[in-house]
Novice: 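Before anything else, here's the structure in question.
Chain naming here is simple, since letters A, B, ... match the order of the sequence lines and numbering starts at 1 in each.
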Protein chains: 4
Amino acid sequence: MTDQAKPLRADARRNRAKVLAAAEQVFAEFGASVSTEQVAARAGVAIGTVFRHFPTKQELLRALLRELLARRTEELTTLVAEGDPATALFEFFTRLVAEAAANKAVVDLLAEAGMDVQVAEQVRSFQHALAQLLDRAKLAGAVRADVRLDEVLALLGAISQGALLGSWDRDLQTRTLAIVFTGLLPGG
Amino acid sequence: MTDQAKPLRADARRNRAKVLAAAEQVFAEFGASVSTEQVAARAGVAIGTVFRHFPTKQELLRALLRELLARRTEELTTLVAEGDPATALFEFFTRLVAEAAANKAVVDLLAEAGMDVQVAEQVRSFQHALAQLLDRAKLAGAVRADVRLDEVLALLGAISQGALLGSWDRDLQTRTLAIVFTGLLPGG
Amino acid sequence: MTDQAKPLRADARRNRAKVLAAAEQVFAEFGASVSTEQVAARAGVAIGTVFRHFPTKQELLRALLRELLARRTEELTTLVAEGDPATALFEFFTRLVAEAAANKAVVDLLAEAGMDVQVAEQVRSFQHALAQLLDRAKLAGAVRADVRLDEVLALLGAISQGALLGSWDRDLQTRTLAIVFTGLLPGG
Amino acid sequence: MTDQAKPLRADARRNRAKVLAAAEQVFAEFGASVSTEQVAARAGVAIGTVFRHFPTKQELLRALLRELLARRTEELTTLVAEGDPATALFEFFTRLVAEAAANKAVVDLLAEAGMDVQVAEQVRSFQHALAQLLDRAKLAGAVRADVRLDEVLALLGAISQGALLGSWDRDLQTRTLAIVFTGLLPGG
DNA sequence: AATGAATGAGAATTCATTCAT
DNA sequence: AATGAATGAATTCTCATTCAT
């Protein structure tokens with residue numbers, strides 16, 4: 001549903017993946033302002049190849065963001081199906097923050113994600129999956145009943161970005177999250 | 001100690017202030033990537049004047065960050081001296097988040113502040129003042145005794161950035177902060 | 001003599017024709033600077049196919065020009081054989097201008113045609129046919145005896161291009177040509 | 001009225017003139033598609049200087065066209081004031097064609113001039129001056145009374161372009177124009 | 001032979017920074 | 001000191017052409 005364009009030739013699909021992987025690395029390392037040339041170089045392809053697959057730099061960033069969101073949504077879905085309801089939300093939260101701390105692009109990307117219709121669908125899916133996790137956590141008594149989805153999203157985003165920009169180490173991540181988790185507990 | 005350069009001529013000092021004020025506005029509105037020309041235009045001076053006062057764009061950004069930090073530190077100092085110890089921390093937290101939500105530059109700036117020796121002094125002052133506020137809050141029984149300064153700083157930064165990038169409205173700011181404040185409360 | 005290459009496979013010949021037809025449309029519409037991709041798209045073939053038939057874009061343009069010239073030459077030949085000698089030249093003139101007014105490529109093409117040996121043969125044929133038409137017009141007393149071929153060619157080219165670039169409507173075409181035709185009349 | 005922007009600094013005005021002069025040469029020689037770099041090189045300035053004076057290539061082309069039109073208009077005005085009414089129009093016609101024959105840019109430029117509001121004023125002035133010349137020629141009995149301005153403009157443009165694209169030599173220019181002039185004579 | 005992906009040399013434009021006025 | 005023009009490297013994007021499938 002996301003990429004129903006004509007099936008790419010094998011080599012083209014391979015290169016598209018290479019570019020996307022390179023983009024993830026490079027953007028993670030240097031932020032969304034690195035030149036497309038850097039991405040091409042990291043991918044080991046010519047600049048034209050990047051632009052063939054993603055006609056503008058924006059497109060590339062969007063595609064990357066879509067993929068990141070899709071990956072997170074998948075993790076959420078797994079947790080909804082298999083995780084312990086009482087801890088699944090906290091687990092996901094923790095994991096996401098750890099990942100964000102290593103990815104400089106996410107911040108730049110998320111900044112525009114909200115107003116970008118082209119990723120809206122992925123955002124919706126993601127939020128939907130998170131909503132389910134939140135509901136389960138409430139049912140399991142791990143989260144106060146009046147906590148709303150947008151608050152959780154806001155905290156998640158904020159902490160993720162904070163972890164990245166502030167270069168928090170693992171310990172600081174844990175302690176900071178502990179405070180937030182306490183704030184979410186029932187009877188708080 | 002940071003700016004012990006020779007005393008500026010009156011008009012030069014005036015221009016320096018104009019540039020800094022313009023920079024704050026423009027960077028707040030468009031982020032750290034606007035051109036220096038925009039800053040000059042807003043300040044009503046020629047581009048050369050900006051570069052005379054701040055030899056590189058980095059310098060200008062750093063000076064701006066220093067000033068912002070100094071201003072916050074001043075607010076903190078006032079709160080330490082005059083505020084109600086039980087709520088002063090929360091008050092400051094709330095105010096800072098509201099301000100950040102309107103200032104696009106802070107995020108870009110803070111991203112590098114950590115690793116920048118040139119603003120280290122201001123950062124230290126700021127942290128020192130915040131530490132005092134935290135201590136008082138603990139003494140007043142408003143914050144759990146084992147909460148550490150770096151956790152508070154981390155949360156503060158994260159929420160501020162989150163508020164900005166996520167364009168949180170006032171209501172969402174309040175609710176999100178409420179969770180964090182609950183997490184900081186004793187007996188949590 | 002121009003295309004004595006090996007006889008093409010049936011499908012190849014078909015494709016060559018498709019490309020040439022597409023090129024005529026596309027170049028007529030957008031001028032000689034459209035990308036070869038546009039031509040391929042219009043022809044419904046892949047870009048590689050275009051380049052297999054015409055190894056460079058220049059070749060394609062030349063081939064197109066050759067064809068256009070051949071077509072005009074054919075029209076001239078018909079007029080020489082069948083037309084009323086007293087008006088055939090004016091008729092052709094009028095028709096060509098009307099066609100040019102709808103074809104943006106011709107101008108760009110003709111600009112280089114002169115110095116291009118590869119189309120010289122077609123140019124010669126064309127001029128030869130036009131010369132015959134001119135002779136007949138003189139014999140019929142419709143054109144002054146001292147009018148030379150290069151003058152007629154020059155006027156023909158100029159008016160054609162003018163009509164195209166100036167987007168003359170049919171009325172303006174007619175009136176402008178009337179002046180030229182008057183200038184060609186005997187006793188002028 | 002054309003450039004009432006703030007008076008440029010002496011060196012800036014000098015450079016602007018250098019760029020415009022270089023543009024005229026280079027565009028005349030290679031057509032409107034040469035790179036702006038070529039213009040900069042010919043002018044002996046850096047590429048940035050060209051773009052400071054003319055923010056886009058289009059602007060540069062427009063400025064050039066405006067200047068060319070202004071120059072022609074001036075010539076026309078002089079002829080109206082001083083020339084022999086019976087021959088002034090033919091004289092101007094002849095001169096313009098000769099100049100066009102050496103200027104490859106004019107064609108590309110004129111192609112868009114029609115639809116460009118930014119040169120509309122210059123075009124109007126030019127047409128106005130030409131109209132006066134035409135009126136005088138009619139009064140002097142050198143041109144048929146029913147010849148209209150748009151026909152003259154059309155012929156002028158067409159022949160100019162033809163002379164350029166066809167690389168007509170002086171003799172051919174003369175003979176071709178003679179035909180047109182004959183067509184314009186009264187009693188034709 | 002056809003396909004369409006990859007290449008890489010430009011081209012226009014921007015912008016931090018320098019320097020003559 | 002201020003001005004604002006000049007510089008030129010960097011960036012995004014295009015497109016003719018080549019080449020693997």
Side-chain angles (χ1 to χ4, degrees), chain A residues 6 8-16 19 33-38 40 43-60, chain B residues 8-16 33-41 45-60, chain C residues 8-16 33-41 44-60, chain D residues 6 8-16 19 33-38 40 43-58 60:
Chain A
K6 78 201 61 142
L8 291 172
R9 234 165 61 178
D11 56 343
R13 191 167 52 248
R14 222 164 19 241
N15 267 343
R16 187 182 200 280
V19 169
S33 68
V34 264
S35 78
T36 313
E37 288 261 9
Q38 303 292 310
V45 301
I47 182 68
T49 302
V50 176
F51 277 94
R52 161 168 279 265
H53 288 289
F54 308 95
T56 65
K57 194 184 178 182
Q58 270 302 315
E59 284 297 321
L60 175 56
Chain B
L8 293 171
R9 239 166 59 179
D11 58 342
R13 192 168 52 250
R14 236 180 348 260
N15 268 343
R16 197 192 131 91
S33 68
V34 265
S35 77
T36 314
E37 289 262 8
Q38 303 289 310
V39 175
V45 301
I47 181 69
T49 303
V50 175
F51 275 90
R52 161 166 287 268
H53 288 291
F54 308 95
T56 67
K57 194 184 182 184
Q58 269 302 315
E59 283 298 321
L60 175 56
Chain C
L8 294 170
R9 237 165 61 178
D11 59 342
R13 193 167 51 250
R14 237 181 348 260
N15 268 344
R16 198 191 132 90
S33 68
V34 265
S35 77
T36 314
E37 289 261 9
Q38 303 289 310
V39 175
V45 302
I47 181 70
T49 303
V50 176
F51 275 90
R52 161 166 285 270
H53 287 290
F54 307 95
T56 68
K57 193 183 182 183
Q58 269 303 315
E59 283 298 321
L60 175 56
Chain D
K6 79 204 60 144
L8 291 172
R9 234 167 58 179
D11 57 343
R13 191 167 53 248
R14 228 170 7 249
N15 267 342
R16 188 182 198 279
V19 168
S33 68
V34 264
S35 78
T36 312
E37 287 263 8
Q38 302 292 309
V45 301
I47 182 68
T49 302
V50 176
F51 277 92
R52 161 168 278 266
H53 288 289
F54 307 95
T56 65
K57 194 184 180 183
Q58 269 303 314
L60 175 56

Novice: Tell me whether the OP1 or OP2 atom of dA12(E) has a side-chain N or O from T36(D) closer than 4.0 Å.
Specialist: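 Answer yes for this pair, as a side-chain N or O of T36(D) is under 4.0 Å from OP1 or OP2.
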Novice: To the nearest Å, how far apart are H53(A) NE2 and dG4(E) P?
Specialist: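 Taking NE2 of H53(A) and P of dG4(E), I get 14 Å after rounding.
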Novice: Rounded to the nearest Å, what distance is computed from the CZ atom of residue F54(D) to the P atom of nucleotide dA11(E)?
Specialist: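 Distance, rounded to whole Å: 20 Å.
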Novice: Judged by each residue's nearest nucleotide on DNA chain E, which is more toward the 5′ side, F51(D) or R14(D)?
Specialist: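 Comparing both residues, the 5'-ward one is F51(D).
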Novice: How many angstroms lie between atom CG of L60(A) and atom CZ of R16(A), to the nearest 0.5 angstrom?
Specialist: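 These two atoms lie 9.0 Å from each other.
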Novice: Can you check nucleotides 7-10 of chain E for protein contacts, nitrogen or oxygen pairs under 3.5 Å, and list what you find?
Specialist:
| from | atom 1 | to | atom 2 | distance (Å) |
| --- | --- | --- | --- | --- |
| dT7(E) | OP2 | A46(A) | N | 2.8 |
| dT7(E) | OP2 | T49(A) | OG1 | 2.6 |

Novice: Starting at the 5' end of DNA chain F and moving along, which residue's nearest nucleotide shows up first, A10(A) or Q38(A)?
Specialist: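 Mapping each residue to its closest nucleotide by heavy atoms, the 5'-most match is Q38(A).
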Novice: Rounded to whole angstrom units, what separation is found between the CZ atom of R9(A) and the P atom of dA2(E)?
Specialist: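 In whole Å, dA2(E) P and R9(A) CZ are 16 Å from each other.
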Novice: For a 4.5 angstrom cut-off between non-hydrogen side-chain atoms, does R52(C) reach T49(C)?
Specialist: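 No - every pair of side-chain heavy atoms lies 4.5 Å or more apart.
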Novice: Dot-bracket for DNA chain F, please. Rules: Watson-Crick or G-U, both distances under 3.5 Å, ( ) within the strand, [ ] when a pair crosses earlier ones, | for another strand, . otherwise.
Specialist: .||||||||||||||||||||
Novice: Going by salt bridge (Lys or Arg N to Asp or Glu O under 4.0 Å), name the residues that satisfy it together with E37(B), two or more places apart in sequence or in a different chain.
Specialist: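 Partners of E37(B) by the salt bridge (Lys or Arg N to Asp or Glu O under 4.0 Å) criterion come out as none, since no residue qualifies.
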Novice: Identify the two heavy atoms, one from H53(C) and one from P55(C), that lie closest to each other, and give their separation to 0.1 Å.
Specialist: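 Looks like O-CD, 3.8 Å.
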Novice: Between V50(A) and A40(A), which heavy-atom pair has the shortest distance, and what is it?
Specialist: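 Heavy-atom minimum between the residues: CG2-CB, 3.6 Å.
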Novice: Please give, in whole Å, the distance from dG4(F) C1' to D11(D) CG?
Specialist: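 Going from D11(D) (CG) to dG4(F) (C1'), I get 9 Å.
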Novice: Can you tell me which nucleotide in dA16(F), dA5(E), dT13(E) comes closest to the side chain of K57(C)?
Specialist: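 That would be dA16(F).
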Novice: Once you round it to whole Å, what is the distance between P of dG4(E) and CZ of R13(A)?
Specialist: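 R13(A) atom CZ is separated from dG4(E) atom P by 15 Å.
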Novice: How close do F51(B) and K57(B) get, heavy atom to heavy atom, and via which atoms?
Specialist: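 Minimum heavy-atom separation between F51(B) and K57(B): CE2-N, 4.3 Å.
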